[in-house]
Every structure is written in structure tokens, then in C-alpha cells.
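First the structure, in the form of C-alpha cells, and then the observations on it.
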Amino acid sequence: MKLEDIKKIAVIGAGAMGNSIAQVGIMAGFSVAMRDIEQGFVDNGVENIKNSMAKLVSKGKITEDQRNECMSRLHPLVDLEAAVKDADLIIEAAPEIMDLKKKIFAELDSLAPKHAILATNTSTMSISEIAEATSRPDKVLGMHFFNPAVILKLVEVIKGAKSSDEAIQVTYDVAKKMNKIPVIVKKDSPGFIYNRVTAPTGLLLQRILELGSPAPEEFDAAFKPFMPMAPFELLDYVGLDIVYHTQSYFSKTLSPDYVPTKALKAMVDSGNLGKKTGKGIYDWSAGRPQIDTSNPTKEFDPNHMIALQVNEATKLIEEGVCDDPKEIDLAMANGGGGIGPFTLAKSIGYETLIKKCEELADKFKAEVFRPTKTMREGKITV
Ligand code: 3HC
């Protein structure tokens, strides 16, 4: 199969990621079926696409005619069979629950054409395990977008144990046609590249929430000047339920250090999940929260977060998930709009970063924060 053979894409799930991926698909010229289990979810997804398209028209990035042409390629629906029966590529963007994903993939396998590639947008989970629910594991792979998918360039194309080179190449080419920057992840490993590198910073944030100090706003005040979105604000933006599922998955696959704290669980149980529900750590009912930067914490600084990310990135090299530090930097710079960890390590110096990791490992009794052998050697450069 080649790029030219991909004419119709089906996106399974019309939530925050699903509708954004569907939008990217219609804007790249594909016909896209966007499917969810209830008409209300489908309608919300269409509404989000319309709002985003209106933003692009008002900014002069696309014309009214282009918008209308793109929207004519969108086919919102509830009927799964109708959505996938003639699809060439299917991208699943359902909740992060392994049993649910396996059930969906078994259904897709029976309903989709034999040639269709079945991709999952999972944030963290094993592609190989999902693939085992189908009779075509060679055509199952990860195609992981970043939120908001319309803006952020990174797409991780992840190889499962049995994914064929052909399926990986076609998906890579589709991502390029979508005007994205695809990075191939050669080894199926929890969190792949981006979410693995940010795993320990997610852990640090949930431990700080548990301690109750510093307050999220004081913490964010110290970071806001350096990042497109401050750390706690970003948790809300991604969705606290997703953060919870991700950290929970890491607790089973990487280290028990990641077990979600009571504070995070309580927030998820309360139903206040962040931007998508209008309230989370911050109030989003009137749009992006206004973070007061007048009282930043003195206890933490950006080097603490950078140190944890550089350290985790060295684990990806040690474990053979990615053998090129430049690829890791490319992924990190395009998945969240920052600077890659190894580029930062070069300017800050490994000695400073090692001290920060040690300090955090002792303070939070978290061995995942402890510097790796590669980190201590401090030789990786880009
Ligand atoms: N549709 C169309 N345009 C949009 C848009 C949307 N949904 N959202 C933002 N934009 C446009 C705006 O119109 C604006 O355009 P301009 O530059 O021409 O003026 C531009 O994007 C910037 O938006 P804003 O002016 O609203 O300014 P912000 O600074 O608030 O940008 C943001 C919003 C793009 C979300 C930016 O804050 C950002 O990049 N944040 C970081 C997000 C991030 O790190 N995401 C990764 C999360 S991890 C993940 O997704 C993995 C998963 O597995 C969990």
C-alpha cells in the first residue's frame, strides 16, 4: 500500500483529540468519517471543528471557500460499520482503557476492509497488546497526535512488535501530508517518546498537589515566562482524567512511584477534569486562566523540571526506544512547543541537572527521579 491508496480515514472518537485529528484529516484533503457512540458526542466534536475552522478563517489562514470545501469532506456519524466499511486508515481516539481499546480493535478488525491500517492514538499503552486483539497485527500501529492536533506538529508513528515496515511508512507519509513532523518510534514502550520524557514531571506535579504546597498558581508563576503553557495549566488543558490514566499506566509498567496520589484521584472523582469541563485545578469557564505571576515559588525552578526530563530521555536511549538524541529533541520541541531536553542540557550543564535530580529523588522519595548512568556520564550531546 502507498500514500495514494489512502483516500478515506475514519476517526473513532469525537472527543478533544478525535475531533482535532478529524479536522487535520479533512484539511489535508482526506475524506474523514468521525464516529462516536452517541449523537451528542458527535455533535460536540463537529461544533469544536467549526469553532476551530472559524478561528483559522478569522486569522486569514484559510478562506471561507477552503473551509467549506474541508467541511464537505467531514462525515460525522454514530454507526461504526458505516464509518469504517470503506476506510483505508482508521485512527482510534477512545478513552485510555486497555480493555476498551482491545474491544474496539476486535470490532474494527471484523468491520474494516482487509487492507485497512488500524492506528491507535493512545498516549501510553502497548501497541503490541492492542494489535493482538486483531487478525492483522502487521497493520496495527500507533499514530499519536498532540493536543491541540491542529496546531502542534509532532506525530509519533509507533511500531508494535509485528507492525510491518510498509504500514509504518504509509502512516509516516500520511502524517507528512497532514503537514506534521512525524517521528518513528522503533520500540513499543510505555509513553513512547514525548509522554515518557514528561512522565516524571507529571509525577512531580501530582506529588506537589498531594503536599498542598506550593499552591499550583505559585508553582506555575515560576514557569509561565518560559513555557507556552505553565505546568499545572497544561495538566488541565490535557485533561486530569488523561493524566490520571497515564500515571496509573506508568505505575504498572515503569515504577510504583507513579501510583496516582489521593489528591489527583479526588479531582478526577469530582468530575472537574480541566478545560473540557470548565474547571479543574483552574477555572476555565471564561477561557484560559489568568495566572498571577507576582508570587512565584522559590522552592522550585525550571531546572528541576528540565533535569527530570533530560534524565528520563537518557532512559529512552539506554532502553533502545530511540537511539538518536536529535530525534528525541525533535519530538519534544514539536510535541509541546519547547526546546528539546538534550539541547537544554548542553546549555545548562549535566552537573547542575544531576544535583537537581538527586535533590528531588531525596525530597519525594522517588527513585525514578535518580540520575541514570548515562546522565552521570554527561556525554550525550546534540
Ligand atoms: N484551532 C485553530 N487555531 C487555534 C486553536 C485551535 N483549536 N488553538 C489555538 N489556535 C491558534 C490561535 O488562533 C493563535 O493563532 P495566531 O498565532 O495566528 O494568533 C495560535 O494558535 C496561538 O493561540 P492563542 O493566541 O490562543 O495563544 P495560546 O498561547 O493560548 O496558544 C496553544 C494555545 C497552541 C494551545 C499553546 O498554549 C500551546 O502550544 N500550549 C502547549 C500545549 C501542549 O504542550 N500540548 C501537548 C500536551 S501533551 C499531549 O497532547 C499528549 C497526549 O497524549 C496527552
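Each ligand, and each atom within it, is numbered from 1 in the order the structure gives.
Sequence neighbours left out, the pairs with a member in residues 19-30 that pass side-chain hydrogen bond (donor to acceptor under 3.5 Å, both in side chains) are Q23-S52. Annotation: salt bridge (charged side-chain N to carboxylate O under 4.0 Å, His left out) contacts involving residues 211-231, sequence neighbours excluded, are absent.
Geometric assessment of K180 against the ring of F146 yields a negative cation-pi assignment under the 6.0 Å and 45° thresholds.
The ring pair (Phe, Tyr, Trp, His ring centres under 6.0 Å) test applied to F192 returns no partner, not counting sequence neighbours.
A distance below 6.0 Å separates the ring centres of F300 and F219.
Under 4.0 Å from any atom of ligand 1, one finds heavy atoms of residues S52, K55, L56, K59, K61, S123, H144, F146, N147, P148, I151, L152, Y194, N195, P228, M229, L234, Y237, V238, R288, G335, G336.
Under a 4.0 Å N-O distance rule, the pair E92/K101 qualifies as a salt bridge.
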